[in-house]
Amino acid sequence: MNSTSENHNRYTGLIARYPDRLPVKSEAQVISLGEGATPLIRLQNIPGLLESEVEIFVKYEGLNPTGSFKDRGMTVAVTAAVQTGSQSIICASTGNTSAAAAAYAARAGIVSFVIIPEGKIALGKLAQAMMHGAKVIQIEGNFDDGMRLVKQVSQEAPVTLVNSVNPNRIEGQKTAAFEIVEDLGRAPDFHCLPVGNAGNITAYWRGYQEYFNDQLTETRPTMVGYQASGAAPFVSDEMIDRPETIATAIRIGHPQSWDQAKSAKEESGGWFAPRTDDQILEVQKLLAGREGIFCEPASAVSLAGAIHDIKNGHIPSGSKVVCTLTGHGLKDPDTAISQCGEKPVTVKPELDAIKEIILRGME
Ligand code: F0G
């Protein structure tokens, strides 16, 4: 180490934090943007609405460098790609993976190709992929079509596939479970999260299992996966061809980590359940309005599901519940603004006009 900036690059981020738990060399070149160590925030206002003595925590993954949990897997996948001499990466994406792939490729000085469903990714995510210099390929198809294509092309062209079928992605993402246990001092009773391609539920379950192999007296959480009702193959227990939901991040009908997600559910005694788009948006707004935490629609399905299952008793009073908020609300400003009934008022730049609004607002 001969300069402060080298020290900084080497010692921040997940690979520096968990060098013995991840399959890359932390002493060689590491591609990191300081991801991980996101806050676990205890909800203060929403539990009081539920007539249940539950404690709810949210793991706010929107505070990762590119605004989603994808950065955890991407630091490991891109570091491994670079360490093995790869010059380019590719992924299919509903938006967040493409943003993370583009950013980490930019950091590494390699090329990224991202395949996205035309018109079906949130504005912020597209802006990120473009700003970070990805070669953005839109297809007249959905995420599942994109997945099929990238799996084929990475067999035939010299590009490294960085979707969560790449085991390095799951390895990186499992670290969120380590952080939760470190913060709570134990595992939660229930871990609730959105399920799309199913890499993240696979990763959390692996993380909890690995963590507690070292400390066998501890218990692991019950894993609960929530899906948007128009894109819920795990709920119907069969793949679907035309997934639809306003939560475009999880508009997926053929999840890649099918078996692993089902094992996580079964081994932990958990379940899968759906929430409608309206229910998802209502809870996205509740969380923003009552707790000051802004997540994207796909993330809100975890809390929407948890609230439902707390009210119906599937999650009993006295439980400690963690909900993963997978992405930041700023990713999808269009959906956010369109569901806010009260639009900003416009007035003359005069004191009286402002005073009148304040007095009316206090009524
Ligand atoms: N939440 C958000 C915000 C996501 O972007 C995704 C997946 C998920 C939840 C579901 O996680 O796929 O591991 O079950 N987004 C991927 C993408 C598919 O391309 O950005 P999963």
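Bear in mind that the values here come from a model prediction, so they are computed numbers and not experimental data.
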Using only atom types and a distance under 3.5 Å, with no angle test, would you say the side chain of Glu61 pairs donor to acceptor with the backbone of Thr324? no
Evaluate Asn197 against Met147 for side-chain contact (heavy atoms from CB on, under 4.5 Å), listing each step before the verdict. CA-CA 10 Å; Asn197 210 24; Met147 231 14 264; 4.3 Å; yes
Calculate, to the nearest 0.5 Å, the distance between atoms CD and CD1 belonging to Glu118 and Ile139 respectively. 10.0 Å
Side-chain H-bond candidate by donor/acceptor type, Gln339 with Glu282, under 3.5 Å: no
Straight-line distance of Asp277 CG to Arg275 CZ, nearest 0.5 Å: 12.0 Å
Is Asn142 reaching over with its side chain to a backbone N or O of Asp144, donor-acceptor style, under 3.5 angstrom? yes
Please determine whether the number of non-hydrogen atoms from other residues, nucleotides or ligands lying under 6.0 Å from atom CE of Met239 exceeds 12. yes
How long is the span from the CZ atom in Phe57 to the SG atom in Cys323, to the nearest 0.5 Å? 11.0 Å
For Tyr60 and His328, I'd like to know if the aromatic rings sit close, meaning centre-to-centre distance below 6.0 Å. yes
Any chance you could measure Ser154, atom OG, to Ile89, atom CD1, to the nearest 0.5 Å? 12.0 Å
SB check Arg186 Asp189 (cutoff 4.0 Å): yes
Within one Ile-Leu-Val-Met-Phe-Trp-Tyr cluster: Leu281 and Leu123, side-chain cutoff 4.5 Å: no
Side-chain heavy atoms under 4.5 angstrom apart, residues restricted to Ile, Leu, Val, Met, Phe, Trp, Tyr: same cluster for Val153 and Ile110? no
Using side-chain contact (heavy atoms from CB on, under 4.5 Å), reason through Arg251 and Phe143 one step at a time and then give a plain yes or no. CA-CA 7 Å; Arg251 186 173 168 271; Phe143 170 83; over 6 Å; no
Minimum heavy-atom separation for Pro65 and Gly34, please, with both atom names. CG-C, 4.2 Å
Under 3.5 Å side-chain donor-acceptor pair for Asn96 and Gln128: no
For Gln256 and Lys151, which I'm curious about, is there any donor-acceptor pair between the side chains at under 3.5 Å? yes
Any side-chain donor-acceptor pair under 3.5 Å between Gln260 and Ser263? no
With a 4.5 Å limit on heavy-atom distance, are the side chains of Thr202 and Asn200 in contact? no
Answer yes or no: is there a donor N or O on one side and an acceptor on the other, between the side chain of Gln138 and the main chain of Ile115, under 3.5 Å? no
Short side-chain to backbone donor-acceptor contact, Gln279 and Ala304, under 3.5 Å: no
May I ask you to check if Arg21 and Phe178 form a cation-pi contact, with NZ or CZ under 6.0 angstrom from the six-membered ring centre and within 45° of the axis? yes
Please answer whether the main-chain N or O of Asp71 pairs with a side-chain N or O of Asn64 as donor and acceptor at a distance below 3.5 Å. no
Same hydrophobic cluster for Trp271 and Ile280, using side-chain heavy-atom links shorter than 4.5 Å among ILVMFWY? yes
Pair Glu179 + Arg72, salt bridge at N-O below 4.0 Å: yes
Side-chain touch Val159/Val111, heavy atoms, less than 4.5 angstrom: no
Does any donor atom in the side chain of Asp241 or His254 lie under 3.5 Å from an acceptor atom in the other side chain? yes
Taking side chain as C-beta onward, heavy atoms only, is Lys135 less than 4.5 Å from Val114? no
Any donor-acceptor pair under 3.5 Å from Thr335 side chain to Asp332 backbone: no
Stepwise, does the side-chain contact (heavy atoms from CB on, under 4.5 Å) test hold for Asn166 with Leu161? CA-CA 7 Å; Asn166 177 332; Leu161 182 57; 5.6 Å; no
Check whether Ser299 reaches the backbone of Thr326 with its side chain - one donor and one acceptor, N or O, closer than 3.5 Å. yes
Is Glu356 salt-bridged to Arg360, cutoff N-O under 4.0 Å? yes
Tell me the closest heavy-atom pair linking Ala249 and Thr94, and the distance in Å. O-OG1, 2.8 Å
Is there a path of hydrophobic side-chain contacts, each under 4.5 Å between heavy atoms of I, L, V, M, F, W or Y residues, that connects Phe272 with Tyr226? no
Side chain proximity check, Val76 to Pro23, heavy atoms < 4.5 angstrom: yes
Which is it for Ile180 and Tyr208 under the side-chain contact (heavy atoms from CB on, under 4.5 Å) test, yes or no, and what are the steps along the way? CA-CA 9 Å; Ile180 289 168; Tyr208 285 121; 3.7 Å; yes
Measure across Ala134 and Ala102 and return the closest heavy-atom pair with its distance rounded to 0.1 Å. CB-CB, 3.8 Å
Is any side-chain heavy atom of Lys265 closer than 4.5 Å to a side-chain heavy atom of Met223? no
Are Lys174 and Glu171 close enough for a salt bridge, meaning some N to O gap below 4.0 Å? yes
salt_bridge(Lys262, Asp259) N-O dist < 4.0 Å: no
Between Thr75 (side chain only) and Ile31 (backbone N and O only), is there a donor and an acceptor less than 3.5 Å apart? yes
Is there a donor-acceptor contact under 3.5 Å from the side chain of Ser319 to the main chain of Ile315? no
Atom OG in Ser98, atom NZ in Lys70: separation rounded to 0.5 Å? 9.5 Å
Is there a path of hydrophobic side-chain contacts, each under 4.5 Å between heavy atoms, that joins Val78 and Ile90? no
Just so I know, are the side chains of Leu22 and Thr79 near enough to count as touching, which here means a heavy-atom distance under 4.5 Å? no
Side chain proximity check, Ser32 to Leu14, heavy atoms < 4.5 angstrom: no
salt_bridge(Lys320, Glu55) N-O dist < 4.0 Å: yes
For Ser26 and Pro19, the nearest pair of non-hydrogen atoms, with its separation, is OG-CB, 3.6 Å
Give a yes-or-no answer on whether the side chains of Gln152 and Arg148 include a donor-acceptor pair shorter than 3.5 Å. no
Hey, does Gln284 have a side-chain heavy atom less than 4.5 Å from the side chain of Pro297? yes
Any side-chain to backbone donor/acceptor pair from Thr248 onto Ile121? Under 3.5 Å, distance only. no
Decide whether Asp309 and His314 meet the rule of one side-chain donor and one side-chain acceptor closer than 3.5 Å. yes
Side-chain donor-acceptor contact under 3.5 Å, Lys59 with Thr38: yes
NZ (Lys348) with more than 12 external heavy atoms under 6.0 Å: no
Could you check whether the rings of Tyr204 and His191 sit parallel, tilted or perpendicular, using 30° and 60° as the cut-offs? tilted
From CG (Leu49) to NZ (Lys311), nearest 0.5 Å: 8.0 Å
